[in-house]
Amino acid sequence: VQPRPVIERMLADLRFKFACRYLAPQGWPKAITRAEAEDLAAAGLQTLSVFETSAGRAKGGSGNGVTDAEVALAAADRIGQPAGSAIYFACDFDFQPSDTISVAGYFEAINKRVTTHAVGVYGSFAAVRAMHSQGLAKYLWQAYAWSGGKVYPETHVYQYNNGQTLAGVSVDYNRQLKPDAGMWSLGQGGASQVASLKTGDKGPGIEALQRLLNAGGAGLTVDATWGPKTAQAYDAALRAPAQWRAAFKDQLIATIQQMN
């Protein structure tokens, strides 16, 4: 297998435009990392984020939706996924009419909690149609599996060929059908500006960020200098997503925009 940055540059050279990657609990082997997100951005590739821990998870209804929403948001924060982009949640099974109530409950719980990102659904024709028709998914990623050759007209991304090998890696091929599919890159928004800071960097944006972190109890020395303690406080704040977004989301965005 080629080193990861080589693979991603090969994808770009082969005219691929995006990669679909998993958000998952920290430590899961298939989960996208911050380093991978940076490599994808450097290669000029967009990222489509999908949350899945098990194929039939959505059948568990609202209880699973509550848990998965929080885990997905924490994962998105760890890698710096920009607000407003999509998190797709998977229905990776042969969706039947009898699944509608439980899966709708799952997505209702997700929509109540995922307020900083758009909600998408991955699944068969029947799954994406059901969640879209009930207003529970803005973005639709349809699999050809279980779909009987049909493509839902509002589908944003279509998965059309699975189990292929590219650059030594097993991949599934997907085609973007609509201009906006909720994808993202660390070149968008402010996250990459924070990631680019190095120990010893100085500036008014860093001072503003330190004051903002201190308002949340970080106890930093406000010296306008990026260092390990500031980096740790910033990372700790992102690991407390509900509190951070509730109290500081708007201020954080304004602060990061000063770091150009």
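- Defined by atom type and a distance below 3.5 Å, a donor-acceptor pair is missing between the side-chain atoms of N162 and Y173.
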(request) Would you check, one step at a time, whether the test side chain to side chain donor-acceptor pair (under 3.5 Å) holds for Q142 with S124? (result) CA-CA 5 Å; Q142 186 189 325; S124 67; over 6 Å; no
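- With respect to E52 and R57, no salt bridge is recorded, no charged nitrogen being found less than 4.0 Å from a carboxylate O.
- A salt bridge does not link K112 to E108: none of the charged side-chain nitrogens sits closer than 4.0 Å to a carboxylate oxygen.
- The side chain to side chain donor-acceptor pair (under 3.5 Å) search around K202 returns T225, not counting sequence neighbours.
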(request) Output, in order, the C-alpha distance, side-chain angles, deciding distance and verdict of side chain to side chain donor-acceptor pair (under 3.5 Å) for S185 and Q46. (result) CA-CA 5 Å; S185 168; Q46 295 278 299; 4.5 Å; no
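- Under the 30°/60° scheme for interplanar angles, the aromatic rings of F89 and F51 are found to be tilted.
- Classified by interplanar angle (parallel below 30°, tilted 30° to 60°, perpendicular above 60°), the ring pair Y88/W141 is perpendicular.
- Contact between K30 and R21 at its shortest, heavy atoms only, is O-NH2, 3.1 Å.
- Note that K59 lies in the cation-pi zone of F93, set by a 6.0 Å cut-off to the ring centre and a 45° limit from the axis.
- Between the side chains of W226 and T199, no donor-acceptor pair of N or O atoms lies under 3.5 Å.
- Neither side chain, D172 nor Y160, offers a donor N or O lying under 3.5 Å from an acceptor on the other.
- Take F125 and apply the ring-ring contact (aromatic ring centres under 6.0 Å, His included) test, not counting sequence neighbours, and it matches Y152.
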